[in-house]
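The sequence lines fix the lettering, A, B, ..., with proteins before strands; numbering per chain opens at 1.
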Number of protein chains: 2
Amino acid sequence: MLLASRLLRLQLFRFVIILVLVLSYVENGNAGLTSTFVRTQWPAADIPLDNEVFAIPKGYNAPQQVHITQGDYDGKAVIISWVTPDEPGSNSVKYGTSENSYDFSAEGTVTNYTFYKYKSGYIHHCLVDGLEYDSKYYYKIGEGDSSRVFWFQTPPEIDPDASYTFGIIGDLGQTYNSLSTLEHYMKSGGQSVLFAGDLSYADRYQYDDVGIRWDSWGRFVEQSAAYQPWIWSAGNHEIEYMPEMEEVLPFKSFLHRFATPHTASKSTNPLWYAIRRASAHIIVLSSYSPFVKYTPQWMWLREELKRVNREKTPWLIVVMHVPIYNSNAAHYMEGESMRAVFESWFVRSKVDFIFAGHVHAYERSVCTFLFFMPYRPINTSSYRYVANQFVYLYLPLPLNGIPIRSFS
Amino acid sequence: MLLASRLLRLQLFRFVIILVLVLSYVENGNAGLTSTFVRTQWPAADIPLDNEVFAIPKGYNAPQQVHITQGDYDGKAVIISWVTPDEPGSNSVKYGTSENSYDFSAEGTVTNYTFYKYKSGYIHHCLVDGLEYDSKYYYKIGEGDSSRVFWFQTPPEIDPDASYTFGIIGDLGQTYNSLSTLEHYMKSGGQSVLFAGDLSYADRYQYDDVGIRWDSWGRFVEQSAAYQPWIWSAGNHEIEYMPEMEEVLPFKSFLHRFATPHTASKSTNPLWYAIRRASAHIIVLSSYSPFVKYTPQWMWLREELKRVNREKTPWLIVVMHVPIYNSNAAHYMEGESMRAVFESWFVRSKVDFIFAGHVHAYERSVCTFLFFMPYRPINTSSYRYVANQFVYLYLPLPLNGIPIRSFS
């Protein structure tokens with residue numbers, strides 16, 4: 001997989017994008033050079049389970065795999081998730097605005113699931129709401145000597161002038177490259193991650209190891225995800241359609257392990273939803289759920305786009321796994337199905353950015369929709385004809401009237 | 001809706017297609033004249049519930065809405081479905097090869113569901129397997145004075161020379177046009193219906209009337225569907241995404257009411273599957289389920305196409321709701337998403353026919369894939385430029401080496 005983290009700072013009259021790219025391997029085809037910066041290649045092998053990045057926290061039934069995500073539409077809530085390995089234990093989160101003073105508490109839920117013969121730990125999700133904007137909160141989960149403390153910073157109030165820095169990560173996995181990417185991101189100053197799908201790559205394993213590699217990934221990303229919201233979208237590696245193991249329910253592991261605030265945006269499915277954060281309206285789509293006309297995702301997106309208020313959130317961002325433009329041989333034209341349905345909406349809605357993963361190569365594009373695009377039916381031998389004419393990341397031309405001051 | 005029934009007789013060296021078309025209304029746009037035959041237009045209003053075509057059979061808890069579908073891969077089984085309104089009653093089907101002599105019996109299952117405040121009757125599905133080919137079976141369901149008797153004919157053994165006549169119906173509904181279509185079909189000599197989605201149009205109603213109109217439709221089609229298999233596919237009117245009524249589970253009514261033999265073709269979802277019948281291999285796809293690369297439907301179809309054996313079943317037929325080619329203004333280019341994914345597979349697999357509904361106008365086409373197709377991005381004003389260059393029903397050019405003797 002390619003491990004990519006990118007940083008996006010939203011600030012009025014200023015626009016900085018820092019790009020980090022690792023090409024560890026491309027599954028097929030010749031990707032060519034799509035960036036002048038290519039990081040040294042570490043081995044793409046997964047980090048062994050006994051590596052310290054996967055260390056199990058000490059103490060009986062100690063919470064592990066702690067991660068948070070935004071819990072409401074506007075950023076005054078978080079969903080805190082964790083796993084207890086030995087018994088369900090407490091569903092409570094104790095929290096407050098100063099360390100060692102947990103004045104508030106919230107009660108969550110617990111679930112678990114099986115995958116082949118693997119039996120998950122006890123997966124807790126707890127909504128902590130009614131928070132103040134722009135505040136640091138400390139939170140404590142677990143019981144007695146096994147309890148653990150983390151903290152997070154709430155975003156500024158929704159405001160067109162609110163400055164905020166998002167990191168963008170997709171296709172992360174758990175290789176040495178993954179570790180490099182995560183460490184780089186954590187030094188970057190990013191305040192929240194927009195995750196473009198393909199989390200753990202646990203589906204590269206079989207039988208009980210699938211669940212085991214979801215657990216190790218949860219422990220791996222905790223160093224960031226417990227301290228700032230990761231905004232989740234699902235990729236093909238979350239589908240886990242494995243009939244040979246009698247596991248055929250799409251997204252089974254992902255949906256049990258990762259909560260999203262989908263009801264806050266009137267979505268009826270956790271795989272697609274929207275949040276607003278600082279000056280951004282962020283729409284998360286599911287590349288592998290139905291999206292054609294009349295389907296729930298299509299119906300929902302049509303309504304959500306009407307709720308975008310550029311006076312409040314001048315930035316409109318879409319996060320999903322499969323890019324609708326891609327000149328790479330790998331995954332070539334896999335985004336055509338969604339392009340046929342949503343491209344015109346994205347253009348008409350003046351989406352500022354679509355962040356996608358899937359193709360393990362960096363590309364970006366100005367909006368090409370309004371120009372004639374040479375087109376050939378899929379799967380002909382002619383793809384090289386259009387290669388390099390499609391690139392997948394919209395950088396807005398009119399940018400809602402806001403001039404681009406810097407771009408690097 | 002448009003009500004269309006078509007008849008397809010599969011016989012070696014002979015090929016007859018009878019076309020019946022009703023244009024009752026087109027939802028938007030000007031369809032233009034796509035056939036020289038246009039039936040007199042009855043009012044498109046639904047038939048009132050007290051009409052005799054919806055009559056409730058006499059007797060306490062008498063089985064109603066009886067319908068059958070193929071129950072296995074090759075036609076030696078049927079699934080018999082019915083509804084009992086008052087109590088679950090018996091799940092048994094008694095059957096045999098002569099009237100009043102029910103030597104065998106099979107045990108089914110019963111389920112029910114709610115939709116808004118509507119509570120369905122008790123929905124029975126019973127697999128009757130181990131049948132002989134080419135035989136007439138009588139079957140009896142229900143208890144005592146309320147029991148009812150029906151019959152069906154099993155198809156010939158899978159054989160390249162086996163002759164068989166399929167009817168093709170889509171977008172049926174329950175208007176006076178629906179009745180005309182059904183009556184016409186029943187006179188036609190069709191032995192089994194390939195149903196291209198959009199069954200009852202119950203979703204045009206609200207609240208409890210949705211369920212009530214599913215029940216009336218079940219009673220309406222019983223006159224045919226209880227006596228010969230209807231091979232089901234789902235359309236947009238089966239989605240029934242109605243968040244205003246807190247009903248958001250796609251295909252809820254359809255999946256409870258209509259069984260398919262999906263496991264016989266290794267499908268993990270009743271919305272897509274395959275059967276073989278006489279000389280035909282029939283693939284049923286779901287236009288509104290995920291179908292892009294890596295999704296379960298995509299994975300399944302890839303494997304199912306490998307199982308097609310033209311030595312045994314020279315005819316390869318696909319049934320689905322949304323056509324991949326459509327020159328009509330209504331539903332223009334809604335099939336693009338699936339076209340991008342499956343068109344090349346259909347061509348390479350030498351699919352003989354794709355039967356689709358959705359667009360309420362008749363069109364047919366030779367395979368156009370190998371020719372250059374002018375293409376413009378969706379939702380531009382340029383669609384008239386390509387109108388009439390796309391038509392959606394493949395009629396095979398090489399036809400697997402079998403010459404077309406007659407076509408009318």
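With a threshold of 4.5 angstrom between heavy atoms, A:Ser287 approaches chain B through N, CA, C or O but not through any side-chain atom.
Side chain of A:Trp217 to backbone of A:Leu199: a donor-acceptor contact under 3.5 angstrom is found.
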Using a 3.5 Å cut-off and no angle test, enumerate the donor-acceptor pairs between side-chain atoms of residues 249-259 of chain A and protein atoms at least two apart in sequence or in another chain.
unit_1, atom_1, unit_2, atom_2, d
A:Lys252, NZ, A:Thr114, O, 2.8
A:Lys252, NZ, A:Glu247, OE1, 2.9
A:Ser253, OG, A:Tyr113, OH, 3.3
A:Ser253, OG, A:Glu240, OE1, 2.6
A:His256, ND1, A:Lys252, O, 2.8
A:Arg257, NE, A:Tyr113, OH, 2.8
A:Arg257, NH1, A:Gln65, OE1, 3.2
A:Arg257, NH1, A:Asp215, OD1, 2.9
A:Arg257, NH2, A:Tyr113, OH, 3.1
A:Arg257, NH2, A:Tyr118, OH, 2.8
A:Arg257, NH2, A:Asp215, OD1, 3.3

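Every residue two or more places apart in sequence or in another chain that forms a side chain to side chain donor-acceptor pair (under 3.5 Å) with B:Glu303 is listed here: B:Lys306. The salt bridge (Lys or Arg N to Asp or Glu O under 4.0 Å) test applied to A:Arg302 returns no partner, not counting sequence neighbours.
The shortest side-chain heavy-atom distance between A:Tyr294 and B:His237 does not fall under the 4.5 Å cut-off.
Using non-hydrogen atoms only and a strict 4.5 Å limit, the part of residues 266-274 of chain A facing chain B consists of A:Thr268.
Below 30°, between 30° and 60°, or above 60°: for B:Tyr288 and B:His321 the angle between ring planes is between 30° and 60°, a tilted geometry.
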